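Step one of this worksheet: look at the structure below.
These figures come from a predicted structure and were not determined experimentally. The figures that follow rest on heavy atoms only: side chains count, while hydrogens, waters and symmetry mates do not.
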Amino acid sequence: GDWCVNASGHLERLYAFENFAGAMELANRVGEIAEEENHHPDFYIAWGKCRIEIWTHSVGGLTPSDFYLAAKAERVWGELIR
């Protein structure tokens, strides 16, 4: 996907939608996965967009689990745009 490492050293991706509901659906579905894994990203939701920022708070940076969560977010995104 279009994930990048931002200036804070966190994984980040901005997803674009045609409406607010799509952005909320992505955030809610990724949020459910995150809750199950006890790994909580930051979400920014606005009309037509959802930005997800992932890092491991306890180490102040990236770990393999951050990349796994990003991959799961990509899978959800793929399901939504079909």
Side-chain angles (χ1 to χ4, degrees):
D2 297 312
W3 288 91
C4 67
V5 176
N6 67 19
S8 298
H10 306 160
L11 282 177
E12 182 178 295
R13 175 152 186 210
L14 179 65
Y15 293 92
F17 293 89
E18 294 182 5
N19 54 44
F20 185 75
M24 283 300 301
E25 185 171 357
L26 177 69
N28 286 329
R29 289 183 57 187
V30 174
E32 289 174 10
I33 294 166
E35 188 65 21
E36 290 171 6
E37 296 183 359
N38 196 33
H39 193 75
H40 303 100
D42 288 350
F43 294 95
Y44 169 79
I45 302 155
W47 191 96
K49 57 188 165 190
C50 176
R51 181 172 45 88
I52 303 175
E53 185 175 355
I54 304 171
W55 76 100
T56 300
H57 297 83
S58 61
V59 300
L62 298 175
T63 65
S65 63
D66 300 306
F67 294 91
Y68 296 136
L69 184 56
K72 291 177 182 182
E74 286 298 302
R75 190 167 38 238
V76 171
W77 167 251
E79 292 170 2
L80 292 176
I81 61 171
R82 276 194 251 160

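Residues forming a side chain to side chain contact (heavy atoms under 4.5 Å, CB included) with T63 (at least two apart in sequence, or on another chain): T56, V59, S65, D66.
For residues 56-82, every residue pair satisfying the ring pair (Phe, Tyr, Trp, His ring centres under 6.0 Å) rule, not counting sequence neighbours, is listed here: Y15-W77, F17-W77, W55-H57.
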Could you go through residues 20-33 and list every donor-acceptor pair under 3.5 Å that involves a side-chain atom there, pairing it with any protein atom two or more places apart or in another chain?
from	atom 1	to	atom 2	distance (Å)
N28	ND2	M24	O	3.2
R29	NH2	E79	OE1	2.2

Contacts under 3.5 angstrom, residues 40-53 side chains, donor-acceptor by atom type, not counting sequence neighbours:
from	atom 1	to	atom 2	distance (Å)
H40	NE2	E35	OE1	3.0
E53	OE2	N6	ND2	3.1
E53	OE2	H10	ND1	2.6

